[in-house]
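Report on the structure given below.
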2 protein chains.
Amino acid sequence: MVTIKQVSEKAGVSSATVSRVINNTGTVKEKTRELVMAAMAELGYRHNVVAASLASNKTHTIGYVVPELHGSFFGAMMGGTEQALREAKKHMLIATGHSDAQIEKEQIDALLSRRCDALILHVEAVSDEYLVNLVDQGVELVVVNRFIEEIGDNCISLDNIKGGYLASRHLLDIGHTQIAYIAGSLFKADGKNRLTGHQQALADMGVEYTDNLIYEGNFQAKSGTEGIRALVARGAKFTAVACANDEMASGAMIALRELGRRVPEDVSVIGFDNVDFASYLSPGLTTIDYPVQKIGSMAAHWVLERVYGHTRHEYQHILSPRLILRGTTSSPEQ
Amino acid sequence: MVTIKQVSEKAGVSSATVSRVINNTGTVKEKTRELVMAAMAELGYRHNVVAASLASNKTHTIGYVVPELHGSFFGAMMGGTEQALREAKKHMLIATGHSDAQIEKEQIDALLSRRCDALILHVEAVSDEYLVNLVDQGVELVVVNRFIEEIGDNCISLDNIKGGYLASRHLLDIGHTQIAYIAGSLFKADGKNRLTGHQQALADMGVEYTDNLIYEGNFQAKSGTEGIRALVARGAKFTAVACANDEMASGAMIALRELGRRVPEDVSVIGFDNVDFASYLSPGLTTIDYPVQKIGSMAAHWVLERVYGHTRHEYQHILSPRLILRGTTSSPEQ
DNA sequence: ATAAAAAATGAAAGCGCTTACAATTGTAAC
DNA sequence: GTTACAATTGTAAGCGCTTTCATTTTTTAT
């Protein structure tokens, strides 16, 4: 491996100068720069970022923890981040937490050991205190899709309550009053908040809330299918079903079809997230848009501004969901 | 930041010994180990992997280049890799190449500058020669979803020709003879090979091939929709349509529905990839399974065995696709 | 032409760790 | 108690770069 030293000898300058041209810092005469560039090219020099990181105490690397890699949600989010980061020549070190507190901590630890300049965390099992504590220790981190009061400045999240509200409010607005709800895992903040929004919408419109119309799923498609079956089995009557995410909504649609209930003629269905396949379903799934890519890029901007001092990057902390009307909702038949 | 030096002083040993207990190398007396561990705990020591990497010339990091992060394909693949890598305490540095040769090269370069121990590359724009050249230079890399003769040992890919064959053969077997084909981008090997498979199946069954039934899409859902429209507009007659991926198949289904053609009663549809949402469509999409997660884990095993000398890791170079029967194909009506 | 200021460069001390190699200590056999 | 050998620990030389500070060169103003 050719080093800066060899380049400097070939160019007849000191290694400090070579470092200057590589990093474009300090001042170096145009003539010298060319000399160095030529030497680098001739020797096939490749900058050693590891050594540079050790010396400069900057890795230009962002640690990223997500629960899982599969599915289209996190890919979209990381895609948003990557796009913003690439321009700034930063890289992402990826780790998965699997919604397990132990693993999440280990991964955060590993990323810190690798001296990431900042962390972007979508973690669901670790406690608020743990994260607050990290921030207090001076760790530069941004928490995505989760809001923690004490470190609100470090959080970028969606207003899930509002999203849940919007979904059910839409159903109510077009005339439904018997609305089943297939919730996500309620131990996750998202699952809880979306349900809360649903309840608020009912309350606002004076519709009574009943546990009999609620089924707790786990955000997987299959639990949507099971949800419908369970609801029907327990004799629940409904003309619409709101689901805490699109996967469960698609699962629900499958179950409804099995039961001979047409969507949306017999039962309206609304999802949440607006993942890419929502529009591929037929009818297209009416849902709540989760601007996940945007959240990813906001996180990148946060880091760029706060950690690397780039200005001109703007970001908001709480994003708003919005209704995406497609074909799975309609007014109940009389 | 507390260093190994401080730990060594607190524990009353040399820094070499501390390094030994951290890395679990060499021999260190149990008593000493405990002393060191205690000192580390007390001082809140955190290993500096950057410094370790510089000294040992190993980063325990795998560079990963994929075209894009969004969608469910690459997430599934990276998920397969991550799972295998996590056990071995390796990490992944992610970069996207955007199917652009220039960008792909830059990203590979950047990953190499960061001294990744190995690279896993899904690159589509860069030439075979370029990759062969890298291997010749001693870069440890595995190319996924692409086969290059000269470095076949470094490739892990799916037999796309066979996949294309399987899909069309299925349609032929159940009685279709008028089969439209919506291809992927033909400048990509996958797109080309799948079409080749289709043609072979036709030939095998003695069905004449005609360009009139072919539409070149770009792997996006929308181009599936456009494909059907174009085919119909040009007066093509078909009772089945094979698509080079599931996205286009779902786009095609939308177009067919718009035209009042039922799936599968009027037109059978088959996709390719078996992405997660294929089963959410209705009817469920018959497709060709692309064991993408498995490819991801094979790539990890390749690296673990070849670069890190872990044995017990097995991998194959060419994986086989298989038919997944769901609801979008049936025999043509008489 | 000359002094003062600015620009360009070099010398060298780290950054925090790994890893030969040397030195020391412990152990078992005689 | 010795000796030979194994187990344990320490010494110190890097790994390849950045960066401060001092030095030299160039430029500008007088």
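Reminder, nothing fancy here: chain letters follow the sequence lines and each chain counts from 1. Only this structure's heavy atoms are used, side chains among them; waters, hydrogens and symmetry mates stay out. Not measured: the values here are computed from a predicted model.
- Under a cutoff of 6.0 Å and an axis angle of 45°, A:K188 and A:F219 do not form a cation-pi pair.
- Residue B:T27 is the one, among A:L54 and B:T27, whose nearest nucleotide of DNA chain D lies closer to the 5' end (criterion: closest heavy atom).
- With respect to B:L121, the side chain to side chain contact (heavy atoms under 4.5 Å, CB included) criterion is satisfied by exactly one of B:I108, B:V144, B:V66: B:I108.
- Between the side chain of B:R115 and the base of D:dG16, no donor-acceptor pair under 3.5 Å is found.
- Residue A:D109 qualifies as enclosed at atom CG: its count of foreign heavy atoms under 6.0 Å is above 12.
- Atom-to-atom, CG of A:N23 to P of D:dT19 comes out at 7 Å; the value is rounded to the nearest Å.
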Side chains of residues 15-38 of chain A: which donor-acceptor pairs under 3.5 Å do they make with residues two or more places apart or in other chains?
from	atom 1	to	atom 2	distance (Å)
A:T17	OG1	A:S14	OG	3.4
A:S19	OG	A:N23	ND2	3.3
A:N23	ND2	A:S19	O	2.9

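- Scanning residues 10-19 of chain B for heavy-atom distances under 4.0 Å to DNA chain D yields B:G12, B:V13, B:S14, B:A16, B:T17.
- Contact annotation: the side chain of B:V292 approaches that of B:F73 to within less than 4.5 Å [non-hydrogen atoms, C-beta and beyond].
- If you take CE of B:M1 and C1' of C:dG14, they are 18 Å apart, rounded to a whole angstrom.
- A sub-4.0 Å separation between OP1 or OP2 of D:dT18 and a side-chain N or O of A:N57 is absent.
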Q.
What verdict does the salt bridge (charged side-chain N to carboxylate O under 4.0 Å, His left out) test give for B:D190 and B:R146, after you've listed the backbone C-alpha separation in whole Å, the side-chain angles of each residue and the deciding distance to 0.1 Å?
A. CA-CA 8 Å; B:D190 285 10; B:R146 172 168 172 175; over 6 Å; no

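- Note on A:E140 versus A:R306: no salt bridge recorded, every NZ/NE/NH1/NH2 to OD/OE distance being 4.0 Å or above.
- Taking atom CG of residue A:N24 and atom C1' of nucleotide D:dT19, one finds them 16 Å apart after rounding to whole Å.
- Here the options are B:D273, B:N160, B:N145, the test is side-chain hydrogen bond (donor to acceptor under 3.5 Å, both in side chains), and the partner is B:Y290; only B:N145 passes.
- If you check residues 29-48 of chain B against DNA chain D, the residues with a heavy atom closer than 4.0 Å are B:K29, B:T32, listed by number.
- Protein atom CD of A:E9 is 13 Å distant from nucleotide atom C1' of D:dG16, rounded to whole Å.
- Map B:R20 and B:A52 each onto its nearest nucleotide of DNA chain C; the residue landing nearer the 5' end is B:A52.
- With a 6.0 Å cutoff to the six-membered ring centre and a 45° limit on the axis angle, B:K90 counts as a cation-pi contact of B:Y308.
- If you take CD1 of B:I4 and P of D:dT11, they are 14 Å apart, rounded to a whole angstrom.
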